[in-house]
Enquirer: 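Please find one structure pasted underneath; my questions will follow.
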Amino acid sequence: VIDVYGLTKKFDGRAVVRDLSMQVKRGTIYGFLGPNGSGKTTTIRMLCGLLTPDEGTGTCLGFDIRTETDKIKPRVGYMTQRFSLYEDLSVRENLEFIGRIYGLARPREAARAAIERLGLKGREDQLAHELSGGWKQRLALGACTLPSPQLLLLDEPTAGVDPKARRDFWEEIHALSEEG
């Protein structure tokens, strides 16, 4: 699903990602490890078509990461490292809104299914800003998986959550990996 060679991205003349090559097979859980500022987020943003590499070539889901980003974006679920949903909307409202953005035929039903699958039942009317870090991460995972993407790109998905929430989150990721 990912096949890239020689990716380089510079900001203000400084290489943040330098000559990265990687191949990732479908169904694989693949992780980047490194300190802050080592280019993990920049790499993810290049893979999903949000940033264009300065050098290098490659494909994501079979589409060119330079010229076919419009085909990559709707097929990738990207969960940012910071909670990026609407704090003043409820869990259900956030998921229904995301479903409408993606043009799902039945956004209410999709939101209901995500709430059930991620153990958010009983919290569907709770405002996002009232959720703990672990519950926010579940909501964000629900949002990025709502349109059934072919690839999930998760940027520090369990940073700042407690050990039990982290374990639950990764169990869900492994279950999704086995489905796809």
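Since we're looking at a predicted model, the values are computed, not measured.
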Enquirer: Should Arg112 and Glu116 be marked as a salt bridge (Lys or Arg N to Asp or Glu O under 4.0 Å) after you check the CA-CA gap, both sets of side-chain angles, and the distance that decides it?
Expert: CA-CA 6 Å; Arg112 211 173 294 131; Glu116 187 71 35; over 6 Å; no
Enquirer: Could you walk me through whether Tyr5 and Gln23 satisfy the side chain to side chain contact (heavy atoms under 4.5 Å, CB included) test, starting with their C-alpha distance in whole Å, then the side-chain angles of each, then the deciding distance to 0.1 Å, before giving a yes or no?
Expert: CA-CA 9 Å; Tyr5 299 92; Gln23 295 77 43; 3.2 Å; yes
Enquirer: Got more than 12 heavy atoms from elsewhere within 6.0 Å of CG, Asp125?
Expert: yes
Enquirer: Which distance, rounded to the nearest 0.5 Å, do you find between the CD of Glu109 and the CD of Glu96?
Expert: 8.5 Å
Enquirer: Checking Ser90 side chain against Glu93 main chain: does a donor-acceptor pair fall under 3.5 Å?
Expert: yes
Enquirer: Write down the atom of Leu146, the atom of Ala111, and the distance for their closest heavy-atom approach.
Expert: CD1-N, 4.1 Å
Enquirer: Quick one: CZ on Arg138 to CD1 on Ile115, what's the gap to the nearest 0.5 Å?
Expert: 13.0 Å
Enquirer: Is it the case that atom CZ in Arg66 sees more than 12 heavy atoms from other parts of the structure closer than 6.0 Å?
Expert: yes
Enquirer: Is the shortest heavy-atom distance from the side chain of Pro53 to the side chain of Ile65 under 4.5 Å?
Expert: yes
Enquirer: Minimum heavy-atom separation for Phe63 and Glu68, please, with both atom names.
Expert: CA-OE1, 3.3 Å
Enquirer: Is there side-chain contact between Pro149 and Arg75, with heavy atoms separated by less than 4.5 Å?
Expert: no
Enquirer: Give the C-alpha distance, both sets of side-chain angles, the deciding distance and a yes or no for side chain to side chain contact (heavy atoms under 4.5 Å, CB included) between Asp19 and Leu7.
Expert: CA-CA 5 Å; Asp19 196 31; Leu7 292 190; over 6 Å; no
Enquirer: Phe32: what forms a ring pair (Phe, Tyr, Trp, His ring centres under 6.0 Å) with it, not counting sequence neighbours?
Expert: Tyr30
Enquirer: When you compare the side chain of Glu156 with that of Asn36, does any pair of heavy atoms fall below 4.5 Å?
Expert: yes
Enquirer: Which value, rounded to the nearest 0.5 Å, describes the distance between Thr59 atom OG1 and Ile2 atom CD1?
Expert: 9.0 Å
Enquirer: Might you point out which heavy atoms bring Leu139 and Leu131 nearest each other, and give the distance in Å?
Expert: CD2-CD1, 3.9 Å
Enquirer: Between the main-chain N or O of Gly39 and the side-chain N or O of Thr43, is there a donor-acceptor pair closer than 3.5 Å?
Expert: yes
Enquirer: Heavy-atom count check: over 12 atoms from other residues, nucleotides or ligands less than 6.0 Å from Arg18 CZ?
Expert: no
Enquirer: Following the transitive rule for hydrophobic clusters with a side-chain heavy-atom cut-off under 4.5 Å over Ile, Leu, Val, Met, Phe, Trp and Tyr, establish whether Leu20 and Leu61 coincide in one cluster.
Expert: yes
Enquirer: Going from OG1 on Thr145 to CG on Leu154, what distance comes out if it is rounded to the nearest 0.5 angstrom?
Expert: 9.5 Å
Enquirer: So, the side chain of Thr8 versus the backbone of Asp54: is there a donor-acceptor pair under 3.5 Å, distance only?
Expert: no
Enquirer: How would you list, by chain and number, every residue that makes a ring pair (Phe, Tyr, Trp, His ring centres under 6.0 Å) with Tyr102, sequence neighbours excluded?
Expert: none
Enquirer: Classify the side-chain pair Thr41/Asp155 by whether it contains a donor and acceptor separated by less than 3.5 Å.
Expert: yes
Enquirer: Do Tyr86 and Tyr78 share a hydrophobic cluster (ILVMFWY, side-chain heavy atoms under 4.5 Å, transitive)?
Expert: no
Enquirer: Considering non-hydrogen atoms only, spot the tightest contact between Cys48 and Val76 and give its length.
Expert: CB-CG1, 3.9 Å
Enquirer: Side-chain contact test, heavy atoms from C-beta onward, threshold under 4.5 Å: evaluate it for Lys9 versus Arg45 and give yes or no.
Expert: no
Enquirer: Can you see which heavy atom on Leu95 is nearest to which on Ala114, and at what distance?
Expert: CD1-CB, 4.2 Å
Enquirer: Going through the distances and angles, do Met79 and Leu153 end up as a side chain to side chain contact (heavy atoms under 4.5 Å, CB included)?
Expert: CA-CA 6 Å; Met79 186 172 149; Leu153 296 172; over 6 Å; no
Enquirer: Say you draw a straight line from CG of Leu85 to SG of Cys144; how long is it, rounded to the nearest 0.5 Å?
Expert: 9.0 Å
Enquirer: Is the closest side-chain heavy-atom distance between Val1 and Gln150 below 4.5 Å?
Expert: no
Enquirer: Are His174 and Ile29 side-chain neighbours, meaning at least one heavy-atom pair lies under 4.5 Å?
Expert: yes
Enquirer: If I take atom CD1 from residue Ile173 and atom CG from residue Asp168, how far apart are they, to the nearest 0.5 angstrom?
Expert: 12.0 Å
Enquirer: Would a hydrophobic clustering, with Ile, Leu, Val, Met, Phe, Trp and Tyr connected at side-chain separations under 4.5 Å, put Ile72 with Met22?
Expert: yes
Enquirer: Begin with the C-alpha distance, continue with both residues' side-chain angles, and end with the deciding distance and a verdict on salt bridge (Lys or Arg N to Asp or Glu O under 4.0 Å) for Glu87 and Lys136.
Expert: CA-CA 10 Å; Glu87 298 268 357; Lys136 281 184 178 180; 3.4 Å; yes
Enquirer: For Asp88 and Leu127, what are the C-alpha separation, side-chain angles and deciding distance, and is it a side chain to side chain contact (heavy atoms under 4.5 Å, CB included)?
Expert: CA-CA 6 Å; Asp88 57 342; Leu127 295 179; 5.7 Å; no
Enquirer: Tell me the closest heavy-atom pair linking Cys60 and Leu151, and the distance in Å.
Expert: SG-CD2, 3.5 Å
Enquirer: Taking 4.0 angstrom as the limit, do Glu172 and Arg117 come out as a salt bridge?
Expert: yes
